[in-house]
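Worksheet: one structure, shown below.
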There are 2 protein chains.
Amino acid sequence: MAESSTRTVERALVLLGAVCDAGSLSLTDAARRADLSASTALRLLRTLEGTGFVRRDTEGGYRPGLRVVQLGAQALGHESLVSLAGPALDRLVELTGESAYLSVRSHDGAAVYLAMREGTHSVRHASWVGRSIPLEGTAVGAVLEGELPAEGFVAVRNGLQADVTAIAAPVTVGHGGSTRVVAVISVIAPSYRVTPELVATIGRRVGAEASTVLGGGSGTSADPATTGRTDKEYTGTGGTAAKEDIA
Amino acid sequence: MAESSTRTVERALVLLGAVCDAGSLSLTDAARRADLSASTALRLLRTLEGTGFVRRDTEGGYRPGLRVVQLGAQALGHESLVSLAGPALDRLVELTGESAYLSVRSHDGAAVYLAMREGTHSVRHASWVGRSIPLEGTAVGAVLEGELPAEGFVAVRNGLQADVTAIAAPVTVGHGGSTRVVAVISVIAPSYRVTPELVATIGRRVGAEASTVLGGGSGTSADPATTGRTDKEYTGTGGTAAKEDIA
DNA sequence: AAATCAAGTTTCAATAAGTGAAATACATGG
DNA sequence: CCATGTATTTCACTTATTGAAACTTGATTT
């Protein structure tokens with residue numbers, strides 16, 4: 001990591017990250033967050049501005065530019081995993097009514113949501129694509145770290161976020177004996193709604209769906225598309241999604 | 001624009017853009033596209049890799065990294081326009097069954113789709129968020145350039161893409177006399193499905209919806225039922241388009 | 001197997017390019 | 001009007017970037 005790299009570029013990217021994290025940042029704030037002198041920050045931000053990676057709002061603050069949006073969207077489009085996992089997420093939402101996520105390990109030792117489908121219950125877990133979550137104390141993290149109980153899924157009740165239960169299973173790419181976890185599919189529900197038995201049911205389903213994402217056939221199990229699909233719950237209204245939930 | 005800017009950073013960003021455009025790029029290709037020597041390109045790509053902006057696939061090619069996805073998604077989330085326009089897009093799709101888009105001017109003199117809703121017809125226009133489209137010869141471009149017929153919308157039949165008709169209206173922010181176009185709402189439909197009268201009807205609706213996005217009330221209420229634009233050439237329908245669509 | 005070619009990677013001296021402290025300009029408000 | 005905080009410019013210092021060339025690797029041809 002600390003090998004060969006160009007300091008200037010690194011700094012500019014940190015700056016870009018800071019601006020994107022904050023949504024809007026003054027020069028001084030940006031410089032502080034990136035630990036740069038004001039003049040250096042200004043020069044770099046100007047470069048970012050000239051290339052469309054940041055833009056200035058009316059108050060002079062720096063905001064993420066369109067280029068960021070554009071490249072991000074393009075990158076998502078090229079992510080074959082996202083399209084491959086789409087149907088599985090859809091089915092999980094249809095089956096459970098809860099929100100379903102696809103996440104992968106990020107470069108900095110965290111996980112990122114790559115795709116999501118909102119649940120249909122009016123009270124549901126809400127997050128967003130691009131959000132990063134820690135590995136410690138989360139079901140997603142456990143699965144990414146290779147922890148995998150015999151059941152084929154990991155459930156964490158009231159872990160990172162109080163009141164919600166996360167149920168996660170690995171998307172593996174496995175040639176022969178050496179399988180590797182490349183992504184995680186998870187369903188996240190308000191804890192009050194899921195009994196241990198329901199968690200187990202959902203967990204099995206999540207595991208089954210996760211195994212279909214890549215290579216479909218070989219793998220752990222029953223064809224999820226044909227297994228009993230009992231409950232279709234359309235609580236349907238889908239008012240407004242809950243706002244921010246922290247951490 | 002060409003004032004003060006750091007060459008290294010600019011080069012790195014060009015490289016990043018090239019990688020994202022291509023989806024996957026070998027070192028040599030990336031260097032060629034960015035017009036850099038191989039060694040420089042390698043060093044910069046390594047920096048981008050170390051920060052998560054690119055990653056290497058199994059074949060050694062460079063691909064957009066998760067950081068790009070993450071920042072892009074964050075930026076989109078912070079774009080208040082996107083959330084403000086969401087309901088309008090939804091209503092347009094519900095009303096017309098056609099795909100609806102929100103676009104803004106990009107930094108390089110083009111337009112970018114910031115949000116979209118797919119139509120419900122089985123044959124529908126399909127594009128993606130982040131896609132950039134030229135200003136010339138497009139309804140979106142015309143509106144962004146300030147062209148606005150009395151009807152309140154611009155329609156272009158078979159312009160950029162054969163067989164489709166685009167109907168666009170401006171989202172303006174206007175205090176007093178000086179209004180400014182900040183974004184465009186458009187509906188894009190297969191040409192065979194929209195008669196001139198239907199275009200006019202949809203156009204009026206697009207104009208009305210566009211005016212609700214910001215500031216709500218005061219709008220360019222469009223009444224007359226005359227079409228805004230006339231046809232371009234219409235080359236034989238026999239074959240297919242399949243130009244550069246990825247899908 | 002040897003020769004050939006192309007892509008990737010490393011090295012290194014030359015210097016172009018980036019740095020930040022300090023000076024200056026521009027606000028804001030007490 | 002002065003105090004304060006932020007944005008921007010300047011400039012001497014020198015560090016970090018550069019690209020040609022050398023080398024490695026691996027595939028393809030002779």
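In the text below, chain A, chain B and the rest are named by the order of the sequence lines, each starting its count at 1.
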Distance-only donor-acceptor test (3.5 Å): side chain Ser39(B), base dG19(D):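 In this structure, the two groups form a donor-acceptor pair.
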dG18(C) base / Thr8(A) side chain donor-acceptor hit below 3.5 Å: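 Not at all, since no donor on one side and acceptor on the other fall under 3.5 Å apart.
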Ala168(A) to Val143(A) - nearest heavy-atom pair and separation: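 Ala168(A) and Val143(A) have their closest heavy atoms at O-CG2, 3.7 Å.
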Smallest separation among heavy atoms of Glu10(A) and Thr51(B), with atom names: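 Heavy atoms of Glu10(A) and Thr51(B) come nearest at CG-CG2, 4.1 Å.
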Arg55(A) charged N/C atom sitting above Tyr62(A) aromatic ring, 6.0 Å / 45°: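 Here Arg55(A) fails the 6.0 Å and 45° test against Tyr62(A).
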Measure from the side-chain heavy atoms of [X] and tell me the nearest of [options].
| X | options | result |
| --- | --- | --- |
| Leu44(A) | dT19(C), dA17(C), dA7(D) | dT19(C) |
| Thr28(B) | dG8(C), dT8(D), dT17(D) | dG8(C) |
| Arg11(B) | dT10(C), dT19(C), dG19(D) | dG19(D) |
| Leu27(A) | dT8(D), dG18(C), dT10(C) | dT8(D) |

Residue closer to the 5' end of DNA chain D, Val9(A) versus Leu42(A) (nearest nucleotide):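 Closer to the 5' end of DNA chain D: Leu42(A).
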Phosphate OP1/OP2 of dG18(C): any Arg7(A) side-chain N/O under 4.0 Å: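 It does not, given that no N or O in the side chain of Arg7(A) lies less than 4.0 Å from OP1 or OP2 of dG18(C).
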Phosphate-side-chain proximity, Arg46(A) and dT9(D), N/O vs OP1/OP2 below 4.0 Å: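 Yes, such a contact exists.
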Protein-nucleotide distance (Tyr62(B), atom OH; dT9(C), atom P), rounded to Å: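 Roughly 5 Å, once rounded to whole Å.
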Atom-pair distance (CG on Leu15(B); P on dT18(D)), nearest Å: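 It works out to 11 Å between those atoms.
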Test applied, side-chain contact (heavy atoms from CB on, under 4.5 Å); reference residue, Leu15(A); option that passes from Leu44(A), Thr47(A), Leu25(A), Thr40(A):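 Among Leu44(A), Thr47(A), Leu25(A), Thr40(A), the one that satisfies the side-chain contact (heavy atoms from CB on, under 4.5 Å) with Leu15(A) is Leu44(A).
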